[in-house]
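Have a look at the structure below before the remarks.
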Amino acid sequence: MLDRPRATGYRLRAVTLAVLALTLTSVQVSAQHETAFDIEDGSRAFRNSCQGCHGPDGNEIPGVDLGRGQFKTASTDADLIRVIRSGVPGTAMPPVNMPEEQAARIVAYLRSVAKTKRSDSAAGDIGRGKTLFEGKGKCVTCHRVDGVGGLLGPELSRIGQLRRSVELEQSLLEPEAEVLPTNRFYRVVTRGGATVTGRLLNHDTFTVQLLDSSEQLRSFAKADLREQGFVPTPMPKALGTLAPQDVTDVVAYLVSLKGKVNR
């Protein structure tokens with residue numbers, strides 16, 4: 001039978017080990033559950049440090065698709081963090097000078113993208129998407145690609161280098177969900193009652209410049225306006241004109257636009 005001091009010592013050690021185990025477990029759990037801030041910060045870091053070579057969808061390097069969790073030399077999060085910070089010798093992947101915490105946030109962002117990536121997002125027909133873009137979808141009415149098309153909407157010749165496929169799909173399905181400041185539309189009413197709506201090019205304390213619906217540059221003195229303000233984007237939802245497969249094909253075409261003439 002153990003004496004009281006020895007039994008007490010065993011109990012203290014057991015309690016200490018239990019607390020240590022719980023602490024380690026909590027650290028592991030917290031490392032597996034990144035916050036929304038971690039993922040958003042990782043997204044920004046990816047755009048700044050990785051997108052130039054890997055592309056917005058992370059699939060510009062042969063054999064690597066970061067957005068789908070397909071890697072050449074990494075399998076765990078620790079591997080990915082090491083590759084980001086140390087590079088891969090003998091390849092075009094250079095080391096990136098960033099703290100381990102920042103690299104971990106990039107990994108958290110990539111994991112979140114892989115979880116939400118649509119399984120059929122790469123199944124679109126680029127050629128058919130181009131035909132739909134120029135025809136049935138009437139996209140060229142407002143958008144220009146390689147010098148062909150309208151000027152009211154964003155120029156899209158390099159859109160595949162700038163936006164992820166999921167973002168392009170959202171722009172087609174819910175165009176009002178996110179409108180960049182350079183693409184906002186503005187409406188003015190002059191003191192004489194004339195109403196002009198167009199894409200806002202610039203405005204300051206005294207003037208407003210618009211590209212109107214006829215693609216004419218218009219400038220107004222604010223002192224001469226009766227009303228002025230932002231209006232919703234005129235871009236219609238794609239599903240009002242296109243079928244779901246059509247949207248997939250158009251997205252595939254847009255992703256293919258890298259600043260080169262598509263043949």
Side-chain angles (χ1 to χ4, degrees), residues 19-61 64-88 91-122 154 156 158-184 200 230 232-233 235 237 247 251 254-255 258:
V19 171
L20 179 60
L22 287 173
T23 301
L24 291 174
T25 300
S26 65
V27 170
Q28 293 170 344
V29 170
S30 64
Q32 296 170 0
H33 296 280
E34 298 84 3
T35 66
F37 171 81
D38 292 331
I39 293 172
E40 179 60 29
D41 190 58
S43 172
R44 285 191 292 268
F46 177 85
R47 290 195 299 269
N48 293 334
S49 301
C50 312
Q51 183 169 305
C53 293
H54 287 279
D57 274 318
N59 59 357
E60 292 294 307
I61 305 296
V64 176
D65 191 339
L66 302 181
R68 295 180 184 276
Q70 299 173 7
F71 314 106
K72 278 187 176 180
T73 61
S75 57
T76 67
D77 288 2
D79 291 337
L80 290 171
I81 292 170
R82 174 182 49 76
V83 169
I84 291 171
R85 300 182 71 215
S86 303
V88 180
T91 73
M93 175 67 190
V96 180
N97 183 21
M98 68 170 55
E100 182 173 341
E101 181 181 9
Q102 185 72 79
R105 287 175 176 171
I106 292 179
V107 173
Y109 164 68
L110 293 176
R111 295 301 191 194
S112 73
V113 170
K115 288 179 182 177
T116 58
K117 179 78 75 171
R118 282 181 44 156
S119 60
D120 62 347
S121 61
L156 300 178
R158 295 178 57 249
I159 196 65
Q161 289 182 324
L162 305 174
R163 304 293 297 276
R164 295 187 297 132
S165 58
V166 66
E167 295 167 337
L168 293 170
E169 182 180 67
Q170 182 187 44
S171 293
L172 290 172
L173 298 178
E174 302 176 46
E176 73 287 348
E178 180 183 10
V179 180
L180 298 179
T182 53
N183 300 330
R184 293 179 297 179
L200 179 64
F230 291 101
T233 175
M235 181 172 170
K237 294 184 178 181
V247 172
V251 169
L254 294 174
V255 169
K258 313 287 187 182

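We number each residue from 1, following the sequence as shown.
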Flag side-chain contact, heavy atom, 4.5 Å: Glu100 against Ile81: yes
Qualifying residue for side-chain contact (heavy atoms from CB on, under 4.5 Å) with Ile106, from Arg111, Met98, Arg44: Met98
Inter-residue atom distance Phe230.CZ - Leu200.CG, 0.5 Å rounding: 5.5 Å
Donor-acceptor under 3.5 Å (Glu167 side chain, Arg164 main chain): yes
Gap between atom CD of Gln170 and atom CD of Glu176 - 0.5 Å precision: 9.0 Å
Flag, side chain of Glu174 to backbone of Glu169, donor-acceptor distance under 3.5 Å: no
Side chains of Asp41 and Gln102 in contact at under 4.5 Å (non-hydrogen atoms): yes
Smallest separation among heavy atoms of Ala103 and Arg85, with atom names: CB-CG, 3.8 Å
Interatomic spacing from CG in Leu110 to NE2 in His54 - rounded to 0.5 Å: 9.0 Å
Spacing of Leu80 atom CG and Ser75 atom OG [to the nearest 0.5 Å]: 8.0 Å
Residue pair Val179, Met235: steps toward the side chain to side chain contact (heavy atoms under 4.5 Å, CB included) verdict: CA-CA 10 Å; Val179 180; Met235 181 172 170; over 6 Å; no
Side-chain touch Asn183/Thr233, heavy atoms, less than 4.5 angstrom: no
Smallest separation among heavy atoms of Asp79 and Ala74, with atom names: CB-CB, 3.5 Å
Trace of the side chain to side chain contact (heavy atoms under 4.5 Å, CB included) decision for Met93 with Val83: CA-CA 8 Å; Met93 175 67 190; Val83 169; 4.1 Å; yes
Smallest separation among heavy atoms of Arg163 and Glu178, with atom names: NH2-OE1, 3.8 Å
Pairwise distance CD(Glu40) to OG1(Thr35) - rounded to 0.5 angstrom: 10.5 Å
Spatial distance of atom CG (Leu66) from atom CZ (Phe46) [nearest 0.5 Å]: 5.5 Å
Candidate pair Leu168 and Ile159, rule side chain to side chain contact (heavy atoms under 4.5 Å, CB included), full reasoning: CA-CA 9 Å; Leu168 293 170; Ile159 196 65; 3.6 Å; yes
Any Leu173 side-chain heavy atom under 4.5 Å of Lys237 side chain: no
